[in-house]
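A short write-up of the structure that comes next.
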Amino acid sequence: MAREELRTPVSRGRTVENPPADLTPTPGQTIGPFFGYANAHEEVGLPYRGGPELVSRAHPEASRLHGQVYDGAGDVIPDAMLEIWQADPQGRIPEETGSLNRDGYTFTGWGRQAVDRLGTYSFTTLEPGAPGQGHAPYFLMVIFARGLLNRLFTRVYLPDDEQALADDPLLASLPAERRRTMIATRLDDGSLHHDIRLQGDRETVFLAYPGIES
Amino acid sequence: MAVEDHAEKNLDEENFTAPTVTGPDAAADRQADINREVRQHQEQYRVSGARESQPRLDYAPYRSSVLRHPTKDPHHTDPELIELTSPAFGHRDVHDLESDLTVQGGGEPIGERIKIRGRVMDSAGRPVRNQLVEIWQANAAGRYIHKRDQHPAPLDPNFTGVGRCLTGDDGSYEFTTIKPGPYPWKNHRNAWRPAHVHFSLFGTDFTQRMITQMYFPGDPLFALDPIYQSIVDPKARERLVASYDHDVSEHEWLLGYTWDIVLGGSNRTWMEPEDEN
């Protein structure tokens with residue numbers, strides 16, 4: 001069947017030549033402490049200048065998604081790295097390249113940031129539209145940290161449309177107190193605040209997907 | 001304790017940031033204590049009859065994991081829309097030269113020149129095409145360029161230890177680099193990490209996103225390393241070990257290793273024949 005050519009990477013068609021007999025997924029490992037840093041003066045490793053700025057702060061629809069990452073003792077984790085992947089405000093999934101070398105105009109939907117010494121992250125982005133009917137809009141987030149032996153996935157839902165949140169199938173399947181850990185808070189300044197807790201009473205809900213062991 | 005002090009404590013417990021051990025418990029355990037805990041996990045796994053292909057998140061021999069693993073079960077969900085897609089990277093993002101870590105400084109880095117190559121595929125063996133692969137590693141002396149790595153080994157002014165490439169249409173990737181050295185850390189007394197290269201990988205679905213470490217065959221530190229041993233299944237651990245490949249080695253130039261990477265199953269299904277290419 002004909003399909004419109006996507007720029008998004010796809011795996012399809014034939015297998016690689018002489019595929020290995022064992023196709024069990026490769027294990028993950030911790031990101032460790034030395035994955036790098038990016039600041040105004042230099043960048044080393046995975047984080048890069050412009051990583052957390054999916055749009056310019058001057059963009060009329062620019063929004064801030066920010067928070068802190070905590071461990072099971074309630075202490076901040078100063079060596080975590082977060083990524084977000086999201087739809088645009090119309091709910092469309094971006095297919096544009098250029099996230100690592102932003103041109104200042106193209107919305108690629110993906111961002112990365114190493115938290116600072118106080119475990120704080122802050123993305124400047126556009127708020128996603130609903131990804132489909134009956135679903136509330138959210139950012140997909142992946143968390144890496146020293147001491148965390150494999151990545152964790154979660155969703156960060158926008159808090160505004162209560163009906164959409166009530167109707168969302170994933171949120172509906174969670175008890176109320178767990179559900180809250182996936183919904184951002186709208187602050188008075190208009191920004192979205194959302195903390196990640198790897199462990200403890202208010203532990204964030206992390207997701208498992210079919211075929212992806214965690 | 002002020003938030004800043006907590007942050008400092010959390011930064012310092014594993015790294016050589018200061019000449020002395022900082023926390024009361026840091027590096028207090030002996031290797032024999034770690035080995036005993038590692039064996040307990042192995043034995044518990046052996047008798048469980050279960051099969052695990054990934055590291056355990058709750059793995060106390062790796063001390064930093066104790067407060068950083070979730071204690072509640074992950075919530076199972078079918079991926080939808082944004083989860084079934086992945087960001088796209090292209091030649092705007094990555095320069096061809098970024099896959100050669102030996103040409104980034106003003107001169108030749110010191111150490112054993114190697115090439116690492118392999119394929120990125122999904123669990124059906126289909127190539128992940130035109131996708132980003134990132135690596136980072138210590139230099140030949142076991143030192144990272146990082147403000148928090150202060151272990152007393154030399155930096156190499158001609159080596160950043162950071163590389164990127166895009167996979168080819170056949171899912172292939174290739175890096176030319178220097179073989180990293182093992183390095184000490186503060187998990188316990190006399191703790192050493194086996195030599196490794198960190199890999200960061202994207203699939204066709206964002207749910208396939210992963211970060212891992214590639215090791216070198218025959219490393220005597222494998223049995224002693226709680227990060228490697230956090231994968232309790234012996235076959236699964238071996239999936240992180242590259243093979244020496246004489247066909248990749250180049251005459252009077254470098255030694256070659258191959259390492260294929262399998263990402264968890266793509267949950268997208270395509271309405272097209274399997275032999276379409």
Side-chain angles (χ1 to χ4, degrees), chain A residues 1 7-16 19-20 23-29 31 33-34 44-46 71-73 75-76 78 85 87 93 95 97-101 108 110 117-118 131-132 140 142 144-151 170 198-199 203 205-209 211-214, chain B residues 6-7 10-11 15 53-55 57 64-65 67-68 70-72 74-77 79 81-82 85 87-90 92-93 119 121-123 125-128 130-131 136 144-146 149 162 171 204 206-207 209-213 230-231 236 239 260-262 264-266 270-272 276-277:
Chain A
M1 188 186 285
R7 298 176 71 176
T8 311
V10 295
S11 97
R12 59 188 157 87
R14 292 202 183 107
T15 64
V16 298
L23 285 166
T24 310
T26 305
Q29 291 269 264
I31 192 172
F34 300 130
V44 176
L46 294 186
D71 71 11
D75 291 337
V76 296
W85 169 232
I93 296 169
E95 296 178 9
T97 64
S99 297
L100 297 176
N101 185 17
T108 65
W110 178 79
R117 299 171 74 79
L118 302 182
L140 187 58
V142 62
F144 305 95
R146 177 178 69 78
L148 177 60
L149 279 155
N150 216 346
R151 77 274 173 274
L170 185 132
L198 297 192
Q199 197 183 83
E203 184 178 306
V205 171
F206 300 108
L207 299 172
Y209 301 99
I212 311 284
E213 272 194 60
S214 44
Chain B
H6 279 292
N10 269 353
L11 280 174
N15 315 329
S53 71
Q54 296 293 318
L57 301 183
S64 301
S65 75
L67 288 171
R68 296 186 176 194
T71 53
K72 303 184 195 313
H75 186 78
H76 289 262
T77 187
L81 302 155
I82 192 83
T85 57
F89 300 93
R92 166 188 288 286
D93 298 287
R119 286 98 41 102
M121 63 197 104
D122 68 14
S123 48
R126 296 175 298 200
V128 175
N130 311 318
Q131 189 51 290
W136 73 103
Y144 287 87
I145 294 190
H146 193 289
D149 184 3
V162 177
T204 56
F206 202 71
T207 55
R209 178 85 181 90
M210 75 173 304
I211 281 179
T212 189
Q213 303 179 20
S230 69
I231 306 155
R239 293 189 185 106
D260 285 338
I261 299 156
V262 181
S266 167
W270 295 102
M271 300 296 285
E272 56 196 352
E276 192 250 20
N277 206 340

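Chain A is the first sequence line, chain B the second, and so forth, proteins listed ahead of strands; every chain is numbered from 1.
- In this structure, the portion of B:Ile231 lying under 4.5 Å from any heavy atom of chain A is its side chain and not its backbone.
- With a 4.5 angstrom heavy-atom cutoff, A:Phe144 touches chain B only via side-chain atoms.
- Residue B:Met210 touches chain A through both its backbone and its side chain, counting heavy-atom pairs closer than 4.5 Å.
- Heavy atoms closer than 4.5 Å to chain A are found in both the backbone and the side chain of B:Val262.
- Most heavy-atom pairs under 4.5 Å with chain A: of the set B:Leu81, B:Val162, B:Asp260, this distinction falls to B:Leu81.
- Taking the salt bridge (Lys or Arg N to Asp or Glu O under 4.0 Å) definition, one finds that A:Arg151 meets it with nothing, sequence neighbours left out.
- Nearest heavy-atom pair across B:Arg68 and A:Leu198 is O-CD1, 3.6 Å.
- Proximity to chain A is limited to the side chain of B:Tyr144, based on heavy atoms less than 4.5 angstrom apart.
- Residues B:His146 and A:Val44 are not in side-chain contact: their nearest non-hydrogen atoms beyond the backbone lie 4.5 Å or more apart.
- No side-chain heavy atom of B:Pro87 sits less than 4.5 Å from a side-chain heavy atom of A:Thr108.
- In this structure, A:Trp85 contributes its side chain and B:Thr85 its backbone to a donor-acceptor pair below 3.5 Å.
- For a residue to count as touching a neighbouring chain, one of its non-hydrogen atoms must lie under 4.5 Å from one of that chain's; by this rule A:Leu140 touches chain B with the side chain only.
- Proximity to chain B (any heavy atom under 4.5 Å) is shown, for A:Val16, by both the backbone and the side chain.
- Between the side chains of A:Arg146 and B:Ser64, at least one donor N or O sits under 3.5 Å from an acceptor N or O.
- When heavy atoms are compared at a cutoff of 4.5 Å, B:Arg209 approaches chain A by way of both its backbone and its side chain.
- Remark: side-chain polar atoms of A:Asn101 are paired, donor with acceptor, to backbone N or O of B:Arg92 under 3.5 angstrom.
- For the set A:Pro20, A:Ser99, A:Ala145, A:Pro25, the entry with the most heavy-atom pairs within less than 4.5 Å of chain B is A:Pro25.
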